[in-house]
Amino acid sequence: MAKQPMLKFVSLPKEMPQKRPPTLRKADFDEIYGEYAREKAAEQAGRCSQCGVPYCQSHCPLHNNIPDWLKLTAEGRLQEAYEISQATNTFPEICGRICPQDRLCEGNCVIEQSGHGTVTIGSVEKYITDTAWDQGWVKPGIPSVERAESVGIIGAGPGGLAAADMLRRAGLQVTVYDRYDRAGGLMTYGIPGFKLEKDVVMRRIQQLEDAGINFVVNCNVGETISFDAIRGKHDFVIIATGVYKSRDLNAPGVGADGIVRAIDYLTASNRKSFGDEVPEFDSGELNAKDKRIVVIGGGDTAMDCVRTAIRQGASSVKCLYRRDKANMPGSQREVANAEEEGVDFVWLSAPKGFAGDKVEGVMVQKMRLGQPDATGRQSPEVIEGADYVEGADMVIKALGFEPEDLPTLWGAPELEVTRWGTIKANFRTHETQIPDVYAVGDIVRGASLVVWAIRDGREAAEAILEKLAVSGAVAAE
Ligand SMILES: Cc1cc2nc3c(=O)[nH]c(=O)nc-3n(C[C@H](O)[C@H](O)[C@H](O)COP(=O)(O)OP(=O)(O)OC[C@H]3O[C@@H](n4cnc5c(N)ncnc54)[C@H](O)[C@@H]3O)c2cc1C
Ligand code: SF4
């Protein structure tokens, strides 16, 4: 292989300029996210200028030591690169696949900022850890000493699992409860397989089981077992339940057949990819094949729905969003992918109502952007007289998620929540107002990202271990 020259000199901006919208096209995306050859990874890693002001690292929620593992990858020292990468990230191969890098590490790479195109940090991270799995370097965290203290974790998403991994490695007895039949949270049933392959998630769950973590699935806390009972069983409890209450529309006809929630649609599709029997999919209720699909919303969940519908063979896929492209909340990279795949975006459009007992169309109101509101964002305003009907056989509502009312559902009024319903927890330790009860991930932050849930889970685990050390339990090792 011809050795690629290392890019040594970049002109550093005095101040970080405003982020430009990323310009990645699908071809770039495929190159980055497709099968990554060793040469490609080394070539990309070698492009890192080792600038000494690692904005990439400071903009990674886990503060991954990116420059060091890029350097080691460029030198072919992959096992060392893996050791450094996994020291700060519980699931590096997952973050490498699904972090919105354009908003995090890569968007802040100085090479990107100086106009030469980012080092594809996420892809290299994925490559390093996939190689580590292939080579058998990834080992279950079996502790050398068992401890008596036990932790009950409610929710087997990335937040709960990251905490479980750290606590188990330290020897604690860890039980994870989840109401689904499989662990993984939204990594298993929310995020589509074309972004995050399910075997990649399942091998991690297996590894956690191999380390001695006990999983209790099909266990809905608040129904199958009470919150108090969980507290009674364990010395510490971590709440990592995510946010699952779908925001709804208040429009005439919204109850018609064929109008479905994004989470139901994506869960059915993911279940199907596991080979499960999914009657709602087989009946066509949650299957886009040969249908005119309209997705309402402009976030990443909407992008997952439109791209899933394309893959299921929809006859057309339209995405309705009430603002314009520049103001979409979703990742621009995801929008570009969806456009490349044939999704038709209908900007500045909002649903006014729905036609048919079985949905036949969406009554669309055209909008324009008016004066900025208190947050500085331009508010959409209706253009009178410009309504029309967009034909649809299936409408998917992807309007975001809110927390369930846990204090009521769990009969635990002492569990304090914010006015948005998210759990109040200490910013650093993640301990709630109830001593020894912690909360992490989306249930604290609101709908967020896998990488932030991992960070929270790791920090809560560290805080528990710190508490044990202060009380003398860990120091006794
Ligand atoms: C469609 C979709 C696509 C996304 N794509 C991305 C992406 O590409 N990149 C990214 O970084 N983030 C993405 N996200 C966001 C990301 O998935 C979440 O931020 C992350 O999973 C939150 O982790 P968590 O551990 O807090 O909760 P979750 O992953 O939601 O896990 C919570 C778990 O708690 C369980 N649970 C809830 N209530 C109970 C109860 N009462 N009893 C027992 N168990 C319970 C649930 O079954 C679930 O398994 C996406 C989200 C969605 C919806
Ligand atoms: S965890 Fe996410 S933000 Fe951090 S380096 Fe990896 S891909 Fe970038």
Side-chain angles (χ1 to χ4, degrees), residues 180 189-190 192 243-273 276-323 328-330 338 341-367 380-402 404-405 447:
Y180 279 137
Y189 284 134
V243 288
Y244 283 86
K245 195 165 103 190
S246 298
R247 289 202 189 106
D248 212 342
L249 282 167
N250 188 8
V254 74
D257 283 351
I259 303 178
V260 302
R261 300 186 314 170
I263 192 71
D264 298 333
Y265 174 68
L266 293 172
T267 304
S269 171
N270 278 318
R271 279 196 180 285
K272 206 64 201 167
S273 71
D276 293 357
E277 263 189 40
V278 187
E280 304 83 8
F281 183 92
D282 298 334
S283 69
E285 194 187 325
L286 293 175
N287 182 354
K289 188 165 172 40
D290 297 330
K291 291 185 180 152
R292 294 167 302 163
I293 303 297
V294 172
V295 176
I296 300 172
D300 287 336
T301 301
M303 295 310 104
D304 287 345
C305 291
V306 291
R307 299 184 69 201
T308 300
I310 292 272
R311 282 162 179 76
Q312 288 177 352
S315 58
S316 69
V317 182
K318 297 201 170 168
C319 182
L320 236 61
Y321 180 57
R322 64 196 179 122
R323 290 191 164 91
M328 276 190 85
E341 290 169 6
V343 174
D344 189 2
F345 284 88
V346 191
W347 309 113
L348 293 162
S349 305
K352 188 180 181 184
F354 300 90
D357 292 336
K358 159 119 193 49
V359 73
E360 291 163 7
V362 185
M363 289 171 255
V364 179
Q365 252 177 349
K366 290 304 292 176
M367 318 292 284
E381 294 170 353
V382 174
I383 303 175
E384 295 299 341
D387 298 2
Y388 74 100
V389 175
E390 188 75 66
D393 305 310
M394 182 172 169
V395 175
I396 304 172
K397 297 176 288 185
L399 300 154
F401 300 95
E402 287 169 359
E404 290 156 287
D405 180 1

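Both backbone and side-chain heavy atoms feed into the values below; hydrogens, waters and symmetry mates do not.
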Is Asp248 salt-bridged to Arg261, going by a charged N under 4.0 Å from an acidic O? no
Considering only heavy atoms from C-beta outward, does the side chain of Leu286 approach that of Val278 to under 4.5 Å? no
Mind checking the CE-CG spacing from Met394 to Asp290? Nearest 0.5 Å is all I need. 12.5 Å
So, Ser315 and Lys291: side-chain donor and acceptor under 3.5 Å apart, yes or no? no
Contact between Cys319 and Met303 at the side-chain level, heavy atoms closer than 4.5 Å - yes or no? yes
More than 12 non-hydrogen atoms from neighbouring residues, nucleotides or ligands closer than 6.0 Å to CZ on Arg322, yes or no? no
Non-hydrogen atoms of Ala262 and Ile396 that approach each other most closely: CA-CG2, 3.7 Å
So do Val343 and Lys318 actually touch side chain to side chain, heavy atoms under 4.5 Å? no
Within a reach of under 6.0 Å around CG of Asp387, are more than 12 heavy atoms found that belong to other residues, nucleotides or ligands? yes
Check for a donor-acceptor pair, side chain of Thr267 on one end and backbone N or O of Asp264 on the other, with a separation under 3.5 Å. no
Rounded to the nearest 0.5 Å, how far does OG of Ser349 lie from CE of Met367? 8.5 Å
Of the options Leu320, Val294, Val362, which is the one that meets Val346 in a side chain to side chain contact (heavy atoms under 4.5 Å, CB included)? Leu320
Using side-chain contact (heavy atoms from CB on, under 4.5 Å) as the criterion, list what pairs up with Ser316, not counting sequence neighbours. Arg292
Set of residues satisfying ring-ring contact (aromatic ring centres under 6.0 Å, His included) with respect to Phe401, sequence neighbours excluded: none
Flag if over 12 foreign heavy atoms under 6.0 Å of NZ, Lys352: no
